[in-house]
Every structure is written in C-alpha cells, then in structure tokens.
Number of protein chains: 2
Amino acid sequence: MRMSEGVEWALHSCLNLTWVESGEAVTATRLAAFYGLPAAYLNKQLQALARAGILSSTSGPKGGFRLAREPERITLLDVVTAIEGPEEAFRCDEILRRGPGGKEGVDYRTTCLISRAMGAAELAWRQELAARTIADLKADVERGFPHTPQATRNRFANARS
Amino acid sequence: MRMSEGVEWALHSCLNLTWVESGEAVTATRLAAFYGLPAAYLNKQLQALARAGILSSTSGPKGGFRLAREPERITLLDVVTAIEGPEEAFRCDEILRRGPGGKEGVDYRTTCLISRAMGAAELAWRQELAARTIADLKADVERGFPHTPQATRNRFANARS
DNA sequence: GCCAGCATACTCGGATAGATTATGTCCGAGTTAGTTTGG
DNA sequence: CCAAACTAACTCGGACATAATCTATCCGAGTATGCTGGC
C-alpha cells in the first residue's frame, strides 16, 4: 500500500502555483526544475490534475499550467484522488460469498463487517484530507516562512529554462 | 495506492480462528478452502501474521495456525501492519530540500506542512483501525448472524481436506 | 503387556517464476508569437 | 505605415519501454504421530 510519489509532486506544484502572478501559466519543465524532478513524468501527473479540473492547461508558447479555480476550493483529497484514482485502498473482494451461507444477490461490501470497519477507517482518512485546502496550506506556509512566496516567484523568474 | 488483498484474507482468517475449539490448530489449507483461496499464497500471509506475533504456528501432523493472543488484544491495525508493512502510504521524499532555501540538516518530514497534513490524515486512519479489535468484530458478527460460529466450526470439521 | 526406537506422513517456511502496476521516456498534434511581405 | 498571412518554435497530450511490486507456485527442513520390534 504505497502511494504514488506523484502525489507529493502534485501537492507541491499546486502550492507553488498559488504564488505565481495571477493569470500567468507555468510550464511542466519549470515546475519540474523547481525540485529537480523528471519533467516528462511530472507532466504526466499534471495532466491528471488537468483532467480532474484542478489545473487548466494551455498549449504553445507562453503556455503551461495554472490553477483552474481558487485555492480555497481545492482540497487535498481532490489532488490525491486525481493522481491515485477514486477507488478505495481496501477493496473488498466479497470472499464471504464463497464461504458457508454465501448468497448470490447480496452486496457484501455493505454487509461484511470487516469491509464496513475498513471503510469507516478510510472514510476518516478522506475526511481529514477533505478538510484541508491548498489555501490552508498556503496560509500556514506564509505564516511560518514569510519569504517563501517571493523566493518561489524569484526561482520561477530566474530558472527560465 | 492499492492495499494487498492478503489483508482481507488475513482478517477473515483471524476472525474464523476465534470460532475454532480453543487450543486446536487449523492448517493453511483448510483456512484457504474456507473461501476457495490459493492455499500456498494464503500460507504466505499467515506466515507474516506469525512473524508479527499475531498467530502462532506449529509444524507436523495436527499442526497449523492458532491465535497467539486473545482477540481483545489484536487490533485491525495490527493485522494491516503485519501484511502491508510498517511504512506509511504517503512517503515524504523531502523534495523541499532540492528547492530554494533547502537546508541539509533539516528533517522535512516534520517541517514540510504538506507532509504534516498527509501524516495527520494517515494518523486518523490508523487510530480508527487501532480502535477496533478482532473481538469487536467477533461480537458484532455473532449479534447480527448468530449461526456463524457453529457454521464455521462445521465447515472446518467437514472440509477435512 | 509395555517401552523405546524408527519410519512415515504431514505442516510450515522460505526460495523461486509469472502477472500487474508504477515509473520513466519519447515523439507528434495543436497553438501562439514573431516575422515577413504586400498593399 | 499598417495589416494579413505565414513560418517557426514551443507546449501539452498520449503512446511506448523499463523497473518494481504484487501474486502465485513449488520443494525442502522439521516435527509429532503411529507402528514395529524387543524386553
């Protein structure tokens, strides 16, 4: 049960995008250069964010990615779901059906108490993620590290590769 | 981020083991036959549970697996950790170190606010899992399906392959 | 009849292949900016 | 001088290899059982 490392990249990239001049797009190459990541693979993750409606993409010169909506309306769960997909980590294969007294028309994902308990735990996880937005993180970072916004803009301006 | 299906098998097997006569060991083959699972692969999962101290194993004739301690002292988190390993789903690779202002001696797993937020969500998940024991599930199942304990014993007695 | 020794069958345990998913890379379709050319 | 069309470079987007992990299988080490033979 390992989460794709693309989640970490996507979250940092979204956060960085909150600090660029409004309306300016940033290319996948520059976002990747920020942390020394493989550009083509980060591009793949950003595509997933664009498909999920979190980012908007523009082709051609002066193209790139930008946030598709306000950071207040982007939760951590949105980003995780965009990268990892919507299916749950614990998938109930309904093995009870093959046990004694297993019926055919029963949905064991809701009947099996093991499935229910695992689902409840996963729901708690999702609720925690849904309660925090990119804007929350942005505010927390700016409180703890006031120079970060300017440093981010500078790096994007200088590393113009 | 998909969890191994061995977790589902392990949880059901632990629950079934609470219903066998006390002191009697059940072989991996019979536990597998219960749901039509591949015996050798289930054996592998049960080995992991034994290494984690959840089950105790006995070789030779009349050998097999049994619970190593009372069901009240086995949490869902214990089982999940035994199968999936102790590492977290979201692993912070500390990519901030390669960004602007990245220091060498800093532990970004505790400094990076993204890592902290993801860790908090995962903690909520773990707390939910740690709060439920195999004994809880056993009691809930017996309340909702009173015939299950006897049906389980019967199946173990009959399917003597 | 009783006990010690032994052969036997059975179980776990780890080492070994195959399948699926995640990771990483590459090139083409589309688009915008800048340039050029004609009026 | 201005405008329109064209060229060219740049970007995303998805198709294509590679690596890691999960899934599945097999055979050997060890052990308790039941039998055999002797006392």
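Hydrogens, waters and symmetry mates are skipped; everything else that's a heavy atom, side chains included, is used.
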For nucleotides 5-11 of chain C, which of its nitrogen or oxygen atoms have a protein nitrogen or oxygen under 3.5 Å away, and what is each distance?
residue : atom : partner : partner atom : Å
C:dT11  : O4'  : B:G60   : O            : 3.1

Nucleotides 16-20 of chain C: which of its N/O atoms have a protein N/O under 3.5 Å away?
none

_Assuming nearest nucleotide by heavy-atom distance, tell me which of B:E84 and A:L46 is located more 5' along DNA chain D._
A:L46
*asked:* Between B:R73 and B:T133, is there a side-chain heavy-atom distance shorter than 4.5 Å?
replied: no
*A:S59: side chain to side chain contact (heavy atoms under 4.5 Å, CB included) partners, not counting sequence neighbours*: none
Which side-chain N or O atoms in residues 138-146 of chain A pair as donor and acceptor under 3.5 Å with protein atoms at least two apart or in another chain?
residue : atom : partner : partner atom : Å
A:K138  : NZ   : A:E142  : OE2          : 3.0
A:D140  : OD1  : A:R143  : NH1          : 3.2
A:D140  : OD2  : A:R132  : NH2          : 3.0
A:E142  : OE2  : A:W19   : NE1          : 2.7

*Pairs meeting criterion salt bridge (charged side-chain N to carboxylate O under 4.0 Å, His left out) with involvement of residues 117-126 of chain B, two or more places apart*: B:E122-B:R126
*asked:* I need the full list of salt bridge (charged side-chain N to carboxylate O under 4.0 Å, His left out) pairs touching residues 3-22 of chain B, with sequence neighbours left out, sorted by first then second residue.
replied: B:E21-B:R153
*Check every strand shown and say whether A:R66 touches a base, only sugar-phosphate, or nothing at a heavy-atom separation below 4.0 Å.*
nothing
*asked:* I want to check something: taking the side chain as every heavy atom from C-beta on, are B:T111 and B:R116 in contact at a cut-off of under 4.5 Å?
replied: no
_Set of residues satisfying side chain to side chain contact (heavy atoms under 4.5 Å, CB included) with respect to A:V26, sequence neighbours excluded_ = A:L17, A:V20, A:R30, A:L31, A:F156
*asked:* Just the rounded figure in Å: distance from P of C:dT23 to CD of A:Q45.
replied: 8 Å
*Over its full length, what angle do the end axes of the helix from C:dG1-D:dC39 to C:dG39-D:dC1 make, each axis taken from five pairs and the result rounded to 10 degrees?*
0°
*Name the first nucleotide and the last nucleotide along DNA chain D (5' to 3') that come under 4.0 Å of a heavy atom in chain A.*
D:dC10 to D:dT23
List, one per line, each side-chain donor-acceptor pair under 3.5 Å for residues 95-107 of chain A, sequence neighbours excluded.
residue : atom : partner : partner atom : Å
A:R97   : NE   : A:K103  : O            : 3.2
A:R97   : NH2  : A:E94   : OE1          : 3.0
A:R97   : NH2  : A:V106  : O            : 2.4
A:D107  : OD1  : A:R109  : N            : 3.1
A:D107  : OD1  : A:R109  : NE           : 3.1

*In whole Å, what is the span from the CE atom of B:M1 to the P atom of C:dA22?*
10 Å
Going by atom type alone, with no hydrogens or angles, which donor-acceptor pairs under 3.5 Å involve a side-chain atom of residues 42-54 of chain A and a protein atom two or more places apart or on another chain?
residue : atom : partner : partner atom : Å
A:Q45   : NE2  : A:Y41   : OH           : 3.3

*Sort and list the pairs that fulfil salt bridge (charged side-chain N to carboxylate O under 4.0 Å, His left out) and have at least one residue in residues 76-89 of chain B, not counting sequence neighbours.*
B:R69-B:D78
*Does the side chain of B:T152 come within less than 4.5 Å of B:T18's, by heavy atoms?*
no
